[in-house]
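Input: a single structure, listed below in structure tokens.
First the proteins, then the strands, lettered A, B, ... as listed; each starts at 1.
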There are 4 protein chains.
Amino acid sequence: MIESCVMKVEFRVRSYELDSLGHVNNAVYMNYFEHARISFFRELGFGLRAYIEAGNAMVLAESQVKFRRPAFMDDLIRVETVLRIEKIRLLFEQTIYRDSEVIATGLNTIVTLDARGRPCAPPAELVERLAG
Amino acid sequence: MIESCVMKVEFRVRSYELDSLGHVNNAVYMNYFEHARISFFRELGFGLRAYIEAGNAMVLAESQVKFRRPAFMDDLIRVETVLRIEKIRLLFEQTIYRDSEVIATGLNTIVTLDARGRPCAPPAELVERLAG
Amino acid sequence: MIESCVMKVEFRVRSYELDSLGHVNNAVYMNYFEHARISFFRELGFGLRAYIEAGNAMVLAESQVKFRRPAFMDDLIRVETVLRIEKIRLLFEQTIYRDSEVIATGLNTIVTLDARGRPCAPPAELVERLAG
Amino acid sequence: MIESCVMKVEFRVRSYELDSLGHVNNAVYMNYFEHARISFFRELGFGLRAYIEAGNAMVLAESQVKFRRPAFMDDLIRVETVLRIEKIRLLFEQTIYRDSEVIATGLNTIVTLDARGRPCAPPAELVERLAG
């Protein structure tokens with residue numbers, strides 16, 4: 001089992017992400033989590049685009065999300081991400097903060113697929129960069 | 001504890017719901033679940049709009065989603081929803097099908113808030129309609 | 001110049017399409033227009049998926065949208081679409097109604113691209129079906 | 001007639017904004033334009049939230065968008081915005097760039113509504129800040 005450091009990404013809530021209560025809509029949190037995972041890979045230097053262009057895929061298999069507090073227009077949001085690799089699963093533990101307040105938590109499980117669409121081991125390049 | 005019958009809602013995957021792999025993006029499933037919950041209330045005859053206009057709110061507190069298979073453009077999708085009420089929580093057990101195939105499952109927990117934003121008992125009208 | 005009959009598609013506004021004023025967000029109208037164009041092709045019997053899988057593309061080149069009235073949760077919306085083909089452009093004249101009220105109008109110009117990404121004549125199959 | 005300076009806002013294309021061709025979906029450009037207008041107001045120091053909480057509204061009346069080139073995952077996007085005020089209309093001339101390439105242009109017309117929902121003069125605070 002390999003565990004990463006915490007990676008942080010920060011951005012503001014945009015107007016079109018709000019629902020009719022003026023809160024960030026629940027589906028948008030899934031976008032935030034995905035955005036943070038992609039940022040995680042970029043910061044780590046892992047070549048996600050090349051990995052996908054080689055015919056592989058990373059797909060979300062499971063999400064457990066707890067919505068703690070609403071987020072509002074212009075809020076400065078921070079997503080903290082830790083990645084643990086367990087055999088063929090990438091477990092992303094993700095927490096969304098506004099300052100020190102927890103807005104939401106997500107445990108998001110990614111599986112990696114080879115060019116035939118079958119589950120496969122995580123890319124060696126990713127494992128090396130995490131360990132390095 | 002009160003449990004509803006199964007409510008079904010059916011629709012087609014729309015082009016703008018796809019990601020760059022040609023699959024329905026994971027966040028869109030949250031939209032589908034929400035759409036099915038709203039349809040559930042409409043079919044039951046529960047007046048959600050009046051409930052909200054009276055100052056109350058229903059907010060999603062937790063989601064557990066398992067993504068089983070990808071869904072594609074034009075797929076005819078069916079969401080089946082069962083509602084169980086446990087004290088102050090509405091538990092929506094939701095399954096997304098394409099014909100007999102399970103595409104995704106979601107256990108979505110809603111809490112009801114009074115006009116001051118505090119958790120409160122589910123609306124009596126809803127409980128009566130479920131029991132009736 | 002070839003002009004189609006009016007094609008109609010009908011659906012309800014969904015909860016997650018609203019902005020913080022409780023109106024359908026302006027970007028969602030672009031989704032509605034796209035959904036109606038895809039439905040147009042399906043009703044006409046034109047094989048859009050095969051066309052794209054053969055390496056061609058249809059891309060939106062220009063949109064002129066007038067937003068007349070807000071649309072709200074649960075509104076039953078009808079999009080009427082007329083297609084005119086002018087040389088290499090597909091001109092979709094699209095109007096969004098709620099009953100007899102005009103909610104928005106859109107003039108959306110599509111160009112067709114060949115497998116090398118260059119503008120090309122509209123697919124013969126489409127022209128034939130329109131003329132037929 | 002009052003005309004503003006150019007205001008610039010920069011951000012990266014996010015994964016969930018792509019369509020099945022791997023291009024930013026057309027509706028997302030409407031989000032980008034809206035995001036840039038909100039950023040424009042924030043940078044100018046205009047209190048949009050207070051204006052809305054006082055019962056007023058700003059609504060999009062018309063959009064003319066030209067889509068020039070596709071935008072892709074991770075592209076660094078820059079939206080440049082100029083605001084001209086003509087009587088009761090706010091005309092936002094907006095251009096989306098990737099480096100020096102024009103990705104899309106938008107002419108977006110906003111009208112201001114008073115607490116009764118009737119068109120009204122643009123807020124004095126906004127006019128003063130533009131002139132100042």
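When all heavy atoms of Phe67(C) and Glu62(D) are compared, the pair lying nearest together is CD1-N, 3.9 Å.
Distance check: Leu21(D) CG to Met58(C) CE gives 11.5 Å after rounding to the nearest 0.5 Å. To the nearest 0.5 Å, the span separating CG on Asn31(C) from CE on Met30(D) amounts to 10.5 Å.
Interface remark: Asp19(C) contributes no atoms to any contact with chain D (heavy atom separation under 4.5 Å).
A heavy-atom distance below 4.5 Å is not found between the side chains of Val65(C) and Val65(D).
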